[in-house]
Amino acid sequence: MCTKEEIFSDIQKILKEDYAGYLDKRDINHPEDYTISNDMSDREFEETIQDYLLDFHDGHLGFTAINSELPHAGFFVRRFESDLYVTNSPQEKRLFVGDKIIQIDGKSIEELALKCYKRLEEKLPERQQWDSIIRRSKKVLVERDGDHFELSLANYEPLPYQGTHIFKQLDPITAYIKLTDFAEEAPIQRLIHDNREALEQSENLIIDVRVNLGGNDAFYFHLLHFLFDQDIPFPDLFANDEVMYTNYTNYTNRNCRLYIQEMKEYLNQELDDSTKDMIKGEIDLFEQNHGKGLVEVPEDTDFMINGRANPAHIFVLSDYYCGSSGDTFVSNAKKSPKVTVVGRPTMGIMDYFNVVTVDYGDYEFIYGISKMHQNYSINGQGIEPHIYIPWTPAHLKEDKDLAYVLEKIQNDL
């Protein structure tokens with residue numbers, strides 16, 4: 001079992017040698033600004049490491065306790081202008097969707113945004129992450145229907161994540177798919193298989209990835225057949241220096257060992273034969289380059305997109321809560337003339353990717369071993385939609401994004 005000081009020391013080593021951004025981030029890597037001791041509390045240790053990782057501005061860097069989770073306030077918020085609005089409150093029953101939080105521990109939201117800008121991770125209010133600030137706080141001032149009241153915050157154990165992969169027929173010519181992750185191929189394959197006839201007969205298809213936690217890009221490949229109207233080899237979607245065609249991978253001994261382990265775990269899933277071959281090819285690539293360090297390697301993905309005429313019009317709903325493989329899905333979808341992306345830019349965390357996990361017993365550290373060509377950096381900006389709809393509290397009463405698409409289908413198509 002590693003001590004806290006040993007874990008911090010090893011993370012520093014990884015970020016200087018194995019991490020794909022070790023050269024890009026060396027000027028902002030300052031572990032000396034953080035103090036770790038073996039006698040500090042588990043929560044203080046976890047949050048200190050997380051604060052250190054925030055300096056790197058990389059959503060694929062993460063550190064968590066395996067057997068426990070940092071407490072959660074039991075509700076979620078999103079900022080609009082100078083206030084926070086409750087968007088969901090699954091555990092904190094004293095708050096309702098639409099409640100406005102105007103102060104936290106006696107400070108205005110704007111004050112805290114200036115003071116805690118690093119933890120918010122984003123400058124644009126609708127993209128800011130307030131969970132880590134709220135869980136460190138004691139009370140909030142709430143406005144509801146013109147009345148104000150103070151609420152002492154409670155701690156809840158975070159609810160387990162449950163993925164959503166659903167298909168709905170909204171009307172005879174319009175289908176709707178919601179995908180909250182690409183963690184497994186089987187649910188997506190079943191969704192396509194069970195609804196293939198409806199998909200092929202629908203003129204319009206709406207794919208909702210506004211919340212998508214990512215996973216493996218290969219697991220959404222079979223959706224691409226419906227997004228394009230002609231046959232095209234997957235690599236032909238990309239410029240020669242673009243991610244997914246040519247990337248830079250740090251093939252250190254540690255990285256190769258960890259990534260091969262990750263790929264072999266994927267092979268335990270229920271997979272399409274072509275996906276199995278793709279993953280085995282990844283394993284072979286890492287075995288061939290074992291220990292070579294940072295190398296530019298063109299990917300050899302021979303997946304063929306078999307395009308089709310229907311659905312003729314594809315709308316992808318996107319938002320800040322769509323990241324990692326969600327980022328690449330939206331990016332790849334935009335390459336089709338059939339697709340219109342509606343909503344807000346994705347999270348944008350694919351500058352460093354191919355994530356591996358280091359197991360420290362009680363803790364896990366994740367980091368990316370490959371990096372995107374600098375010409376295609378999306379960190380902090382995400383994949384832009386064709387039609388930008390800013391988030392407002394009105395979204396809490398009506399799905400403005402979906403309403404826009406349905407109106408466009410009715411009036412324009």
Side-chain angles (χ1 to χ4, degrees), residues 4 33-37 39-57 59 61-65 67-161 211 213 319-321 323 347 363 380 391-393 395-396:
K4 293 180 174 70
D33 293 341
Y34 301 87
T35 301
I36 297 294
S37 63
D39 58 357
M40 70 195 310
S41 70
D42 292 345
R43 176 172 177 174
E44 185 182 6
F45 173 57
E46 185 176 357
E47 292 196 328
T48 301
I49 297 294
Q50 289 182 359
D51 282 347
Y52 167 50
L53 298 179
L54 286 176
D55 291 340
F56 291 79
H57 307 290
L61 284 176
F63 183 76
T64 56
N67 298 317
S68 64
E69 294 189 67
L70 293 173
H72 191 265
F75 63 94
F76 299 89
V77 298
R78 193 162 191 174
R79 185 178 172 187
F80 176 71
E81 296 181 345
S82 300
D83 300 301
L84 303 180
Y85 289 81
V86 176
T87 58
N88 190 17
S89 190
Q91 294 165 287
E92 179 50 81
K93 302 305 180 184
R94 297 171 295 172
L95 288 175
F96 304 137
V97 171
D99 282 348
K100 182 162 60 173
I101 295 175
I102 57 178
Q103 286 186 2
I104 300 177
D105 285 343
K107 293 183 173 60
S108 71
I109 303 307
E110 290 181 322
E111 283 181 90
L112 278 174
L114 291 173
K115 179 181 178 182
C116 306
Y117 67 92
K118 187 174 84 168
R119 290 192 180 124
L120 295 177
E121 300 188 47
E122 297 277 354
K123 293 181 180 178
L124 191 65
E126 70 178 10
R127 293 172 65 85
Q128 291 175 347
Q129 301 190 48
W130 284 84
D131 287 351
S132 66
I133 294 173
I134 290 174
R135 75 163 178 256
R136 289 172 163 91
S137 305
K138 295 181 179 179
K139 59 185 179 180
V140 295
L141 183 61
V142 182
E143 180 180 315
R144 179 190 297 161
D145 299 328
D147 296 326
H148 297 79
F149 62 94
E150 196 168 77
L151 183 73
S152 295
L153 297 175
N155 289 331
Y156 299 88
E157 185 175 338
L159 295 173
Y161 167 74
V211 175
L213 306 186
D319 202 350
Y320 173 72
Y321 306 104
M347 186 174 290
Y363 300 93
W391 188 88
T392 73
H395 279 79
L396 301 175

For residues V86 and S89, report the shortest heavy-atom separation together with the two atoms involved.
CG1-CB, 4.1 Å

Report the residues that fulfil ring-ring contact (aromatic ring centres under 6.0 Å, His included) with F76, sequence neighbours left out, ordered by chain and then residue number.
H72

Output all residues satisfying ring-ring contact (aromatic ring centres under 6.0 Å, His included) with F149, sequence neighbours left out; order by chain, then residue number.
none

Is K115 salt-bridged to E111, going by a charged N under 4.0 Å from an acidic O?
no

For residues E110 and S82, report the shortest heavy-atom separation together with the two atoms involved.
OE2-OG, 3.0 Å

Heavy atoms from other residues, nucleotides or ligands near NZ of K139 exceed 12 (cutoff 6.0 Å)
no

A side-chain contact here means heavy atoms from C-beta on lying under 4.5 Å apart; do I102 and H148 qualify?
yes

Between K138 and D105 (salt bridge meaning N to carboxylate O under 4.0 Å), is one present in this structure?
no

Looking at CD of Q103 and CD1 of I101, how far apart are the two atoms once the value is rounded to the nearest 0.5 Å?
11.5 Å

Atom CZ of F80 and atom OH of Y85: how far apart are they, to the nearest 0.5 Å?
6.5 Å

Please enumerate all residues that pass salt bridge (Lys or Arg N to Asp or Glu O under 4.0 Å) together with D319, with sequence neighbours excluded.
R78, R344

Side-chain contact, heavy-atom cut-off 4.5 Å: I109 with E81?
no

Using the test salt bridge (Lys or Arg N to Asp or Glu O under 4.0 Å), find all partners of E126 that sit at least two apart in sequence or belong to another chain.
none

If we ignore hydrogens and angles and just use 3.5 Å, is the side chain of Q128 paired with the main-chain N or O of K123 as donor and acceptor?
yes

Taking atom OH of Y117 as the centre, report whether more than 12 heavy atoms of other residues, nucleotides or ligands fall under 6.0 Å from it.
no

Under the side chain to side chain donor-acceptor pair (under 3.5 Å) rule, collect the residues that match up with T64, sequence neighbours excluded.
none

Taking the side chain as every heavy atom from C-beta outward, state whether L70 and Q50 have any pair of such atoms under 4.5 Å apart.
yes

Which residues share a salt bridge (Lys or Arg N to Asp or Glu O under 4.0 Å) with R79, sequence neighbours left out:
none

Is the shortest heavy-atom distance from the side chain of Y52 to the side chain of T48 under 4.5 Å?
no

Could you measure the distance from the CG atom of L95 to the NZ atom of K100? Nearest 0.5 Å is fine.
14.5 Å

Carefully, step by step, assess W130 and I104 under the rule side-chain contact (heavy atoms from CB on, under 4.5 Å).
CA-CA 11 Å; W130 284 84; I104 300 177; 4.3 Å; yes

Do L396 and W391 make a side-chain contact, defined as non-hydrogen atoms from C-beta onward lying under 4.5 Å apart?
yes

So for atom CD, which belongs to E143, do other residues, nucleotides or ligands contribute more than 12 heavy atoms lying within a distance under 6.0 Å?
yes

Could you tell me whether the side chain of R43 and the main chain of P71 form a donor-acceptor pair under 3.5 Å?
no

Is it true that, when you exclude D145 itself, more than 12 heavy atoms of the residues, nucleotides or ligands shown sit nearer than 6.0 Å to its CG?
no

Side chains of D55 and K118 in contact at under 4.5 Å (non-hydrogen atoms):
yes

Nearest-0.5 Å distance, OG of residue S137 to NZ of residue K107:
9.0 Å

Supply the atom-to-atom distance E92 CD to I134 CD1, rounded to the nearest 0.5 angstrom.
11.0 Å

What are the two closest non-hydrogen atoms of A113 and L120, and how far apart are they?
CA-CD1, 3.6 Å

Calculate, to the nearest 0.5 Å, the distance between atoms CZ and CG belonging to R136 and L153 respectively.
14.0 Å

Validation row, ring centre F45 to ring centre F63 under 6.0 Å
yes

Are the side chains of S132 and E47 in contact, using a 4.5 Å heavy-atom criterion?
no

